[in-house]
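A short worksheet on the structure shown next.
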Amino acid sequence: MHRGTLSLPSVGPFDLQSTVESGQSFRWVREDGRTYEDDEAYGGDAWYATVVGGDEGADAPTTGVVRVRQIDDRLEWEASFDAEETLRRRLRLDDDLPAIRAATPDDPLLDAAFDRYWGLRLVRDPPFATLIAFICSAQMRIGRIHEMQRALEERFGESVTFDGVEYHAFPTPARLAEATEADLRDLGLGYRAPYVQRTAEMVAEGTAHPQEATDLAYEDAREYLTQFVGVGEKVADCVLLFSLGFVEAVPLDTWIRSTIEEYYPECDRGSYAETSRAIRERFGGQYAGYAQTYVFHHLRNGGGSAE
DNA sequence: TAGATACCTTATAG
DNA sequence: ACTATAAGGTATC
């Protein structure tokens with residue numbers, strides 16, 4: 001058992017709950033077993049766990065389990081290995097949040113979102129698991145996307161025991177590629193089942209790998225990812241933003257589209273590509289994905305003109 | 001290239 | 001109880 005504490009003034013503002021429960025990551029499981037839709041019962045100091053390794057390859061030299069919780073300005077962790085660097089990377093603790101906000105234009109909506117969830121950070125999740133999770137996300141609620149990922153892990157993921165508790169890594173591409181469409185439909189994936197199987201097969205066979213997009217220019221990277229089955233421009237943007245470090249990416253989902261309609265109508269240019277360019281510019285360019293994630297979380301929790 | 005439609009499953013509103 | 005609708009869209013025509 002390895003343990004450690006990160007003092008938050010050293011990494012700047014941070015809000016663990018907002019970061020891992022804002023619908024950007026599906027890799028963290030709350031240890032108290034409460035669902036992600038049960039926010040009102042949240043106590044503020046819950047442990048969250050994730051299994052590192054599995055499909056992560058070189059990104060995570062150590063396979064193991066990490067638990068983390070936030071108590072005031074301390075981030076406590078327990079893990080089966082020395083997890084400090086993993087946490088810094090996965091939770092983007094080195095991002096300069098004040099500088100990012102300073103680079104984002106002021107307007108009433110962005111100010112409200114940043115004020116309300118100040119400390120929310122983007123995540124840097126493993127590419128394959130993120131690709132699969134967002135293929136699953138089509139026409140799904142956040143809670144059910146979580147359920148699907150847990151089902152995939154339990155059915156196809158490697159079992160890991162830590163501190164007397166059994167955890168499951170996310171399945172490897174090879175293991176998911178072996179699954180049949182019927183297997184995946186049984187887990188409740190619906191029409192996404194063949195998308196997941198075929199995409200896993202592409203990665204397992206070496207046809208393509210989401211990691212390959214990292215070296216490309218942003219729009220080329222988005223185009224690259226759409227070769228995977230079940231991956232359109234929106235899902236590609238999610239993978240770029242939440243896994244591959246393209247902090248300028250702004251996934252145009254239903255929430256952001258309605259936001260554009262209501263608050264930034266001049267940014268609606270018809271096509272995804274052009275609207276994407278316009279809203280990215282409106283959100284300040286290089287860190288536009290940060291603004292998107294704050295706004296998404298804010299509006300999904302009742303923020304905006306309705307309040 | 002832009003627009004319309006089907007698609008699995010679940011939860012919620014009426 | 002039962003039907004309609006929507007949920008972080010994509011593939012196909």
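In the text below, chain A, chain B and the rest are named by the order of the sequence lines, each starting its count at 1.
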**Study point:** Separation of C:dT10 P from A:Ile135 CD1 (nearest whole Å)
**Key:** 10 Å
Check your understanding: When you look at CZ of A:Arg88, are more than 12 heavy atoms from neighbouring residues, nucleotides or ligands closer to it than 6.0 Å?
Key -> yes
Practice item. Using the P atom on both, measure C:dA4 against B:dA6 and round to a whole Å. Key: 15 Å
Check your understanding: In terms of side-chain heavy atoms of A:Ala138, which of C:dA6, B:dC8, C:dG9 is nearest?
Key -> C:dG9
Review point. Is A:Glu181 touching bases, backbone alone, or none of the nucleic acid, heavy atoms closer than 4.0 Å?
Key: nothing
Revision key, fill the gap. Here the distance between atom C1' of B:dC7 and atom CZ of A:Arg192, to the nearest Å, is 9 Å
**Study point:** Integer-rounded Å distance: C:dA7 P and A:His146 NE2
**Key:** 18 Å
Exercise for review: Once you apply the 3.5 Å cut-off to both distances, tell me the Watson-Crick or G-U wobble partner of C:dA4, or none.
Suggested key: B:dT12
Review point. Does the cation-pi check pass for A:Arg101 over A:Trp118, that is, NZ or CZ under 6.0 Å from the six-membered ring centre and within 45° of its axis?
Key: yes
Point to revise | Any donor-acceptor N/O pair under 3.5 Å between B:dC8 base and A:Arg185 side chain | key: no
Check your understanding: Atom CD of A:Glu233 and atom P of B:dA2: how far apart are they, to the nearest Å?
Key -> 10 Å
Practice item. Only counting residues at least two apart or in another chain, list the ones meeting salt bridge (charged side-chain N to carboxylate O under 4.0 Å, His left out) with A:Arg92. Key: A:Asp95
Check your understanding: Taking the side chain of A:Thr254 as heavy atoms from C-beta outward, which of B:dC8, C:dG9, C:dA7 is closest to it?
Key -> C:dG9
Exercise for review: Please tell me which of A:Tyr195 and A:Phe134 maps to the more 5' nucleotide of DNA chain C, matching each residue to the nucleotide holding its nearest heavy atom.
Suggested key: A:Phe134
Study note, to complete from the structure: Considering only heavy side-chain atoms of A:Arg144, the closest of B:dT9, B:dC8, C:dA6 is B:dT9
Check your understanding: Is A:Gly232 touching bases, backbone alone, or none of the nucleic acid, heavy atoms closer than 4.0 Å?
Key -> sugar-phosphate
**Study point:** C:dG9 base / A:Tyr191 side chain donor-acceptor hit below 3.5 Å
**Key:** yes
Check your understanding: Is the centre of the A:Phe26 ring less than 6.0 Å from the centre of the A:His146 ring?
Key -> yes
Point to revise | Whichever of A:Phe228 and A:Met140 has its nearest DNA chain C nucleotide further upstream toward 5' | key: A:Met140
